[in-house]
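Before any comments, here is the structure.
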Amino acid sequence: MRSSGEPPSLFVDVLFVLESERGRGVGADLVREGVERARAFAQDLFVYTSQSDWYQKHGWTVLKVDPVSNLFVLSRSL
């Protein structure tokens, strides 16, 4: 629950596309829709993922690699 005065935000926990549907643009469409909805809340978006190549291909920039999990932190400005 948000505390009083806290600005709205958007959080996507998991993005998953069935293997049989991959390569058809479904994931890109889902991310694009999330980005469009986030424009109302923030100027910068961040993602924490193992799939850095996919996100880079879709306009995201690697900020760092988490040394504990080896997951990537990427960002995208709106």
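Basis for what follows: all heavy atoms, side chains included, without hydrogens, waters or symmetry-related copies.
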query = Taking the side chain as C-beta and beyond, is there a heavy-atom pair between Phe46 and Leu63 under 4.5 Å?
reply = yes

query = Side chains of Phe41 and Leu78: closer than 4.5 Å at any heavy-atom pair?
reply = no

inquiry  = So for atom CD, which belongs to Gln43, do other residues, nucleotides or ligands contribute more than 12 heavy atoms lying within a distance under 6.0 Å?
reply    = no

The single option from Leu45, Val73, Thr49 passing side-chain contact (heavy atoms from CB on, under 4.5 Å) against Trp60 = Leu45

message = Would Gln56 and Val62 count as a side-chain contact (heavy atoms from CB on, under 4.5 Å) here? Give the steps.
response = CA-CA 7 Å; Gln56 288 179 76; Val62 174; 3.5 Å; yes

task = Taking the side chain as every heavy atom from C-beta outward, state whether Asp44 and Arg76 have any pair of such atoms under 4.5 Å apart.
result = no

query = Heavy-atom distance under 4.5 Å between the side chains of Leu71 and Ser50, does that happen here?
reply = yes

query = Do Thr61 and Tyr55 meet the criterion of a side-chain donor-acceptor pair at a distance under 3.5 Å?
reply = no

query = Under 6.0 Å from the CD atom of Glu36, do we count more than 12 heavy atoms belonging to anything else shown?
reply = yes

task = Rounded to the nearest 0.5 Å, what's the gap from CZ on Phe72 to NZ on Lys64? Could you check?
result = 13.0 Å

message = For a quick test of reading the model, state the closest non-hydrogen atom pair linking Ser69 to Tyr48 and the distance between them.
response = OG-OH, 2.8 Å

task = Could you state whether Leu18 and Val14 fall into the same hydrophobic cluster, counting links through intermediate Ile, Leu, Val, Met, Phe, Trp or Tyr residues with side-chain heavy atoms under 4.5 angstrom apart?
result = yes

